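Each remark here refers to the structure printed beneath this line.
Numbers here are sequence positions counted from 1. Keep in mind it's a predicted model, so treat the numbers as computed, not measured.
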Amino acid sequence: MKFSHQIQFNAVPDWADYYLPYSNLKKLIYLIEKERVSNKGHRLSIDLENGGEVASERTALISDNPVEAENHQFVNALNKSLDKIVKFYAKKETELYDEMDELVGDFELLNKHDEVAAQLRRLSTISSGEENNNEERPHIRSNTNQLPRRESNVEGDSFLPANIISKNVTDTDPISCENHTLGGAIPASGSGSGGPMWSRDTMYDIVELRKRTVDIFVLLSELKSFVALNLTAFAKILKKYDKITNNNLKRYYTSTYVSTAYPFKTTTKTKLNERIQQTERAYAILATGNDLDLAIEELKTHLREHIVWERNTVWRDMIGQERRTQTVGLSDAKPSSVHTPFGTLRITRDQVMNYLYMAGCIVIFVLLMKAEMFDTVEQNRCLAILVFASMLWAGEVMPLFVTALLVPFLIITLRVMRSDNEEHTRLSAPDATKRVFSAMFSPVIMLLLGGFSIAGALSKFGIAKSMATFVLSKAGTRPNRVLIVNMMVATFASMWISNVAAPVLCFSLIQPILRTLPVDSKFGPCLIIGIALASNLGGMASPISSPQNIIAIQNMSPAPSWGEWFIISIPLCIMGNFIIWLWLLWNYNPEKQTPHIHTIRANSDPITGTQIYVILITLLTIALWCLAHTYESIFGDMGVIAILPLIAFFGTGLLTKDDFNNFLWNVIVLAMGGIALGKAVESSGLLKTIASQIELLVDGMSAFEVLFVFSCLVLVIATFISHTVAALIVLPIVAEVGSQLANPQPRMLVMGTAFVCSAAMGLPVSGFPNMNAISQENELGKPYLTTKDFLLNGVPSSVFATLCITTVGYGLMVLIGF
């Protein structure tokens with residue numbers, strides 16, 4: 001394994017930015033050598049022409065130290081890295097030592113038993129001598145009630161010290177000298193030892209102290225490993241530099257800079273060892289009857305669990321990078337050999353089923369093309385395209401975005417588009433091409449790109465991770481609670497930044513959770529589909545959360561106020577989220593396989609100027625999205641506002657071309673295909689014909705019955721095509737039917753039907769949140785969700801949400817006078 005990979009594999013993930021940048025320094029070495037060879041040849045030609053001697057690099061520079069003068073570029077780079085390591089170590093040392101002092105102080109609070117207090121006071125005097133000699137440090141306190149990240153050394157890593165998880169006993173170990181004088185540990189209640197029994201309250205305090213002791217032990221061990229790994233990195237990179245450039249910098253730089261740096265001093269290491277000894281002795285008193293060997297063995301057990309967890313996470317991150325580079329594909333299916341006259345064909349069972357399903361789709365497509373179910377050929381052919389594309393999307397016989405690319409091809413070649421004039425003449429292929437492709441690149445696509453850029457910046461600069469840790473700290477570690485909290489966050493975000501951009505942000509928030517789950521965990525798919533369904537519900541939460549709400553307001557006279565909207569939408573969103581949450585728990589039962597999620601320690605690093613800039617641009621964009629309709633005369637559409645983060649992030653170089661290429665372009669193409677299909681259904685007159693027939697059927701019904709009928713109609717339509725297109729066609733008809741009722745209630749019917757548009761979430765193509773969800777993959781390239789997940793969860797959720805709208809929503813709308 002390359003040493004750069006070893007650093008990544010053994011580094012503490014939260015501290016990854018503070019290790020020696022080995023890969024970058026290695027690149028610098030080759031660059032320096034390239035420039036040295038080039039400049040040497042150039043100076044040689046000049047000196048020979050002038051008749052002089054060849055000047056060496058050492059004589060070309062003037063410095064107090066010839067070694068530094070000759071290697072000034074590389075020394076400067078090393079000094080910069082060393083300074084960052086020293087500052088980080090000093091900060092972490094202060095933080096952890098203060099936590100240790102606080103822990104020892106809490107030990108002293110256990111004065112209910114004199115024997116316990118006596119032992120703990122003797123324990124706290126171990127490091128009193130060295131504390132008095134230390135310089136005063138600023139106190140930086142942090143929460144110790146979090147599980148540690150990991151212990152960074154594992155047996156078998158030859159480049160690391162033999163065993164960090166050890167007794168950490170030096171030659172003059174004060175604890176070892178006093179070990180025989182310490183009294184036996186006080187046993188916990190029910191331990192059966194001869195010592196005094198602890199009360200229930202005391203036992204609770206002891207358990208908490210024991211947990212904190214384990215946490216601090218692991219963090220101190222990580223700090224020790226941080227020093228060891230960086231020391232090894234300095235030795236290896238200096239050795240490589242001397243080998244490549246034929247220098248002798250290693251001995252000089254190690255003795256002059258590395259050995260004298262604060263983290264690598266002998267006194268610093270001794271002080272750290274003494275602190276680790278102190279935690280070992282504390283754990284022995286609290287947990288193992290003052291048996292130090294047993295205490296260390298138990299600490300090893302705790303640490304190994306975190307090693308497995310963290311290394312599993314880092315391994316999958318590394319595999320994910322390799323897969324993106326080499327496009328590795330994994331499949332469990334074993335192909336069978338089929339002998340043909342043309343040779344042996346290797347094919348899997350899944351491939352056979354896909355071919356048969358594709359053949360069936362083609363047969364149905366041809367039959368629908370021949371059938372004459374409507375008056376015009378455009379409507380008949382559009383129905384055939386609609387059914388064909390829906391079947392391909394449902395069966396996933398080819399990637400979803402490939403089916404989306406097939407849609408405009410069929411629309412144009414079969415000429416299903418019509419003109420917008422009263423004659424509705426059939427468009428030619430060139431005219432249809434202009435109409436289709438102009439519709440495909442709509443403001444909604446720009447909104448997606450803007451959301452991707454914001455999500456990319458939040459993720460790249462660690463803001464999303466900080467947000468995720470904050471959310472998780474409030475949600476706890478139980479998957480059930482984490483699920484409902486993330487669903488509520490998705491719905492709330494959809495209220496203000498639209499349900500197109502909100503799931504993009506929310507999916508970036510849960511990446512730290514997904515990376516720590518087992519590969520076969522059901523909680524990953526459960527969490528992703530929960531966010532998608534909650535984002536769909538968030539599409540009804542506010543007037544600006546989705547385009548169909550704007551269309552609804554345009555068909556309501558007078559338009560509802562924001563207060564009236566919230567009175568209806570917020571209770572429906574909360575109720576819908578809890579119903580969907582219960583359904584997902586029943587269907588996935590995530591806590592059965594994943595009883596708890598590993599606690600992620602909150603990031604305590606100070607905020608940087610770059611992060612402030614990213615946050616300000618994000619907040620500005622969100623604010624403008626909220627006020628888009630107020631400033632419609634300036635921006636025209638929210639898609640234009642989405643250009644701002646693209647310019648702000650890419651124009652300043654915060655995001656690069658590689659970041660742009662890593663956007664979810666399959667989601668964008670899928671959205672384009674859905675828009676094209678919706679435009680064809682609208683232009684051909686197919687959807688209007690179907691809706692008109694429904695209008696005749698509901699004549700004479702009550703408002704409640706009409707709402708239920710149109711809700712069922714819109715639920716089916718919006719499941720297969722764009723929510724916006726369904727609202728665009730159906731809502732005007734709903735408003736007209738509502739005004740013709742004996743007791744006209746057009747506002748109630750329009751708002752209820754618009755809400756049902758957002759509730760349609762039964763397929764991967766049913767709304768942008770579902771499209772984003774179906775594209776989520778793990779580090780091995782395997783999708784978390786399939787169409788089956790949406791059929792089993794999205795369809796029932798759509799039905800539940802529709803029933804809530806047509807019952808509770810109907811009552812709320814009647815209550816406020818709609």
Side-chain angles (χ1 to χ4, degrees), residues 13-14 142-150 203-204 207-208 210-212 214-215 218 301-310 312-313 316 464-493 503 505-535 537-538 573-603 773 776 778 784-785 789 792-793 796-797 800:
D14 284 346
S142 65
N143 179 25
T144 58
N145 292 323
Q146 301 289 335
L147 291 176
R149 299 294 300 172
R150 64 182 286 268
M203 187 62 191
Y204 176 81
V207 170
E208 288 298 314
R210 187 184 304 167
K211 178 178 180 297
R212 290 171 58 190
V214 173
D215 295 349
V218 175
T301 302
H302 287 293
L303 295 173
R304 285 193 179 111
E305 292 178 357
H306 292 285
I307 292 172
V308 171
W309 170 48
E310 286 290 359
N312 181 44
T313 300
R316 278 194 270 169
K465 183 177 181 180
S466 299
M467 294 169 63
T469 56
F470 175 78
V471 171
L472 285 177
S473 65
K474 303 300 180 182
T477 60
R478 292 188 58 185
N480 293 354
R481 295 178 183 175
V482 173
L483 174 61
I484 188 62
V485 169
N486 278 279
M487 289 175 65
M488 290 298 183
V489 168
T491 299
F492 180 79
L505 293 177
C506 291
F507 288 142
S508 68
L509 289 180
I510 65 171
Q511 290 306 313
I513 306 175
L514 297 178
R515 288 199 302 268
T516 60
L517 294 175
V519 176
D520 58 345
S521 175
K522 292 184 179 180
F523 183 60
C526 180
L527 183 59
I528 291 175
I529 199 170
I531 290 176
L533 300 180
S535 298
L537 286 182
C573 289
I574 295 175
M575 183 182 301
N577 270 313
F578 273 103
I579 293 175
I580 294 173
W581 175 62
L582 293 174
W583 176 266
L584 293 176
L585 294 184
W586 179 81
N587 201 12
Y588 285 99
N589 194 11
E591 289 196 356
K592 181 178 180 181
Q593 188 180 22
T594 309
H596 70 277
I597 300 172
H598 286 280
T599 304
I600 298 177
R601 190 177 177 87
N603 187 4
Q776 299 298 309
N778 62 18
Y784 284 102
L785 299 175
D789 290 294
L792 294 177
N793 299 283
S797 299
F800 295 149

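- With sequence neighbours excluded, the residues forming a side chain to side chain contact (heavy atoms under 4.5 Å, CB included) with Met575 are Ile579, Cys804, Val808, listed by chain and number.
- The aromatic rings of Trp586 and Trp583 sit tilted relative to each other, their planes meeting at an angle between 30° and 60°.
- The salt bridge (charged side-chain N to carboxylate O under 4.0 Å, His left out) analysis of residues 573-587, with sequence neighbours excluded, yields no pairs.
- Judged by distance alone, with hydrogens and angles left aside, the side-chain atoms of Thr491 form a donor-acceptor pair with the main-chain N or O of Ala534 at under 3.5 Å.
- Taken to the nearest 0.5 Å, the CG atom of Leu537 stands 7.0 Å off from the CE atom of Met487.
- Rounded to the nearest 0.5 angstrom, Leu585 CG and Cys526 SG are separated by 6.5 Å.
- Screening residues 581-595 for salt bridge (charged side-chain N to carboxylate O under 4.0 Å, His left out) gives Arg478-Glu591 as the qualifying pairs, with residues at least two apart or on separate chains.
- Residues Phe523 and Pro590 share a closest heavy-atom pair of CD1-CB, 3.7 Å.
- Partners of Asn587 by side-chain hydrogen bond (donor to acceptor under 3.5 Å, both in side chains), not counting sequence neighbours, listed by chain and number: Asn793.
- Checked against side-chain hydrogen bond (donor to acceptor under 3.5 Å, both in side chains), Asp789 has the following partners two or more places apart in sequence or in another chain: Tyr588, Thr786.
- Taking all atoms of both residues into account, the shortest heavy-atom contact from Leu584 to Gly530 is CD1-CA, 3.6 Å.
- Looking at heavy atoms from C-beta onward, Phe800 lies out of side-chain contact with Ile580 at the 4.5 angstrom threshold.
- We find the CG-CG distance between Asn486 and Asn577 to be 11.5 Å, quoted to the nearest 0.5 Å.
- Among residues at least two apart or in separate chains, there is no salt bridge (charged side-chain N to carboxylate O under 4.0 Å, His left out) pair with a member in residues 522-534.
- Looking at Trp581 and Met488, their side chains never come closer than 4.5 Å, going by heavy atoms from C-beta outward.
- Contact of the Ile484 side chain with the Phe578 side chain is registered, since non-hydrogen atoms from C-beta on lie closer than 4.5 Å.
- Remark: Leu582 pairs with no residue by the side chain to side chain contact (heavy atoms under 4.5 Å, CB included) rule, at least two apart or across chains.
- Here CZ of Phe492 is found 11.0 Å from SG of Cys506. Values are rounded to the nearest 0.5 Å.
- Atom CD of Gln776 sits about 9.0 Å away from atom CD1 of Ile531, to the nearest 0.5 Å.
- Here Ser797 pairs with nothing under the side-chain hydrogen bond (donor to acceptor under 3.5 Å, both in side chains) rule; sequence neighbours left out.
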